[in-house]
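Heads up: the structure comes next, in structure tokens.
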Amino acid sequence: MNAPFADRLEMQHRLFAELSRMFGQEVPLYDKSLLVNRVCNETVCALLGGRHRGFALTAAQLEKSSGERHGAIRIGKPEEYRRIARFFAAFAMEPHNYYDMTALGPKSQPIVATAYRSRLNPDHRIFCSLLMTDYFDPATRGRIEALLATREVFSPVALALLDKDERQGGLDWDDANQLIREGVTRIFKWTGRARDHQLYQDLCAAGFKIAADIACFETHHLNHLTPNTLWLDLYTAAMKHCLGEMDAAAFRQRAEVILRRLDERADRDYLRLHFKHLTEADIAAYQPAVLPTGEMARLAGELTERLGQPDLALTKLKHSGFKDFTEGPSEDTPVLLRQDAYKALTEPVQFVQADGSRVDTVHTARFGEIEHRFYATTAAGRELYDRCLTAADAAREALSPAAKKDPAASEEAYARPFAPFPKQLAALLAGGLVYGRYQATAAGRAAAQTGPLPSTDLMALARLGYVTVEGLRYEDFLPVSAAGIFASNLSQYGTKSTAAQKPVYTQGQLEVILGRRIVDPNVTYAGLDAESRQAAYAALGLTGRLPPGEKARLEQAVALMAKP
């Protein structure tokens, strides 16, 4: 009897646990940043336990809640990109979204990308860029492609395992663990070795540092591996303190301000968004409470003391400081994604030249990103976000140098343009700005048995206790934010094509390279929202009262989501 196939999601968890272990060995600052994040998340949980009596996490639950990972890799040639798609398919990760990083104006880079994740309830993601060699003049393009043509990242063993997975429809655990080892020991492993130092120098001098990182190195090494945080601003301030950019008194004051904001915003919707293991019943059982006077100061003081311990003296490690500002929406606007990072490290590398000679030098590319995820926006919400972001970026840019260094002044200027966004889930849902998941309650079903309910408006029914609602979490990426991370880490704020005419890239072209369809996550968000509405309407006997147009819209959204 054949052994059962390994569960692909369990394979995925093991892969990312091993990648995190590997990256921690390669980059000691990464391991320390995970510790800073855990300490900050423990402080957040202490505040939540005081605000919601009954809330508590075990160490294992906190580790799981903080344990998501988002990585980034950069690929040089189409054949490699297709192989990467096959690799992640073995771990139940599909390509999501098409990101044209060549079309971001002053933040443009010579890459297009997609992101691999599971379609439903993803825990891990990889943002995967492909270098577009026709972005360059013919001579430079020829040099890049000639060098890449001699590179083989996937071993014969890895390719045989991918063939076997596709032929059988899965792998047994011996083969699954071997494929994980291939990823950790070869495909994504940093070796510190590169080739063609002259091409590397020429690309960097021309402003194409990303291209140099992709073309000249041996593997698809991780550029970063991002943990999940429960409150981004607390982590950012803590890292700046540990890296020596903020003294203890300033951090303690800053932490107290941040914790007060968290106290204002950490309602039951926050709990539902941030802790997947909590059920509606769990959250309903918590008793709301007011934190005692002085609690924020106490928590801030304890956190400051903990960060001052020798194991978090990050100034003793090589580092390049922390990013100047956070990417994404203002801190009071719970939509999409906020990102920050410690800056890319300068690491020793050795170039092995074609004649066998060696050049010892340094390379700056790998950095430490952090992210905080919020609610997925509808088309209307995304359009509003883009308008607010443009205005917020302009407002921040207009600040004086002194104001940019003042957290209160810069945050206020950046937040003002986001004022049109509601700050709470109910208002975001009512305004049609974010997607939700709806479920009829026992009280709602009972009321429906006694007679017609007063409304088909699910938000109105939620206020009566007949429906529960949660916001769908955003599981994807923001091109402008990603470009901002690239720029700050590489000290390179955008590139211009050197081809005679800048090429135009399309999703269809990338799908041909991948050999598979790219999932539109907005279709999934809309489908999940519609599917939950259909179920709630049916459970409450409301389906027949819906306007025909609304019924058709929901049916179409669900059908599109189910389309292979």
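Fair warning: this is a prediction, and the values are worked out from it, not measured in the lab.
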Gap separating the [atom1] atom of [X] from the [atom2] atom of [Y], nearest 0.5 angstrom:
X      : Y      : atom1 : atom2 : answer
Asp31  : Leu317 : CG    : CG    : 10.0 Å
Phe421 : Leu336 : CZ    : CG    : 7.0 Å
Glu68  : Glu371 : CD    : CD    : 7.5 Å
Ile187 : Leu179 : CD1   : CG    : 6.5 Å
Ile111 : Ile214 : CD1   : CD1   : 6.0 Å
Phe154 : Thr219 : CZ    : OG1   : 11.0 Å

Are any non-hydrogen side-chain atoms of [X] and [Y] less than 4.5 angstrom apart?
X      : Y      : value
Leu34  : Ser20  : yes
Leu232 : Glu331 : no
Ser108 : Met101 : no
Leu159 : Pro156 : no
Arg117 : Asp476 : yes

In chain order, what residues pass the ring-ring contact (aromatic ring centres under 6.0 Å, His included) check against [X], with sequence neighbours excluded?
X      : result
Phe217 : Trp190, His221, His363
His220 : none
Phe16  : His124
Tyr414 : Phe418

For [X], does the [atom1] atom have more than 12 heavy-atom neighbours from other residues, nucleotides or ligands under 6.0 Å away?
X      : atom1 : value
Asp360 : CG    : yes
Lys405 : NZ    : no
Arg8   : CZ    : yes

For this session: Provide the full list of salt bridge (charged side-chain N to carboxylate O under 4.0 Å, His left out) pairs with a residue in residues 213-229, sequence neighbours left out, each pair given once.
Result: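 Sorted result for residues 213-229: Arg74-Asp213, Arg193-Glu218.
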Exercise. Tell me the salt bridge (charged side-chain N to carboxylate O under 4.0 Å, His left out) pairs involving residues 88-105, sequence neighbours left out?
Worked result: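 Qualifying pairs: Glu94-Arg119.
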Taking [Y]'s backbone N and O only, do any of them form a donor-acceptor pair with [X]'s side chain (distance below 3.5 Å, no angle check)?
X      : Y      : value
Thr236 : Asp233 : no
Glu80  : Gly76  : yes
Glu145 : Thr133 : no
Gln168 : Gly170 : yes
Ser410 : Pro407 : yes
Thr140 : Asp137 : no
Asn37  : Asn228 : yes
Arg373 : Tyr474 : yes
His70  : Thr226 : no
Lys77  : Arg151 : yes

For [X], all residues meeting side chain to side chain contact (heavy atoms under 4.5 Å, CB included), sequence neighbours excluded:
X      : result
Thr506 : Gln509
Val157 : Ser155, Leu161, Gln178, Glu182
Lys189 : Met22, Glu26
Ala113 : Tyr99, Phe127, Ser129

Exercise. For residues Asp520 and Tyr525, is any side-chain donor paired with an opposing acceptor at under 3.5 Å?
Worked result: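 Absent: no donor and acceptor within the cut-off.
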For this session: Measure from NZ or CZ of Arg396 to the centre of the six-membered ring of Phe325, then state whether that distance is under 6.0 Å and the direction lies within 45° of the axis.
Result: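 Output yes; distance and angle both within limits.
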For this session: Work out which heavy atom in His241 is nearest to a heavy atom in Leu307; give both atom names and the distance.
Result: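 Looking at all heavy atoms of both residues, the shortest contact is CD2-CB, 4.0 Å.
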Exercise. If you look at every heavy atom in Leu162 and Arg83, which pair is closest and at what distance?
Worked result: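 Closest heavy-atom pair between Leu162 and Arg83: CD1-O, 4.0 Å.
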Taking the six-membered ring where the residue is Trp, are the ring centres of [X] and [Y] under 6.0 Å apart?
X      : Y      : answer
Tyr435 : Tyr375 : no
Phe87  : Phe188 : yes
Phe23  : His224 : no

For this session: List for me each residue that meets salt bridge (Lys or Arg N to Asp or Glu O under 4.0 Å) alongside Arg387, sequence neighbours excluded, and say none if there are none.
Result: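 Listed in chain order: Glu383.
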Problem set entry | Stepwise side-chain hydrogen bond (donor to acceptor under 3.5 Å, both in side chains) test for Ser118 and Gln12 | CA-CA 9 Å; Ser118 296; Gln12 185 185 135; 3.0 Å; yes
Problem set entry | Working for side-chain hydrogen bond (donor to acceptor under 3.5 Å, both in side chains), residues Thr364 and Thr346 | CA-CA 4 Å; Thr364 303; Thr346 298; 2.8 Å; yes
Exercise. Taking only residues two or more places apart in sequence, or in another chain, which ones meet Ser400 in a side chain to side chain donor-acceptor pair (under 3.5 Å)?
Worked result: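 Expected list: none.
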Exercise. Checking side chain to side chain donor-acceptor pair (under 3.5 Å) against His372, which of Gln339, His274, Arg338 comes through?
Worked result: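 Looking at Gln339, His274, Arg338, the match for His372 under the side chain to side chain donor-acceptor pair (under 3.5 Å) is His274.
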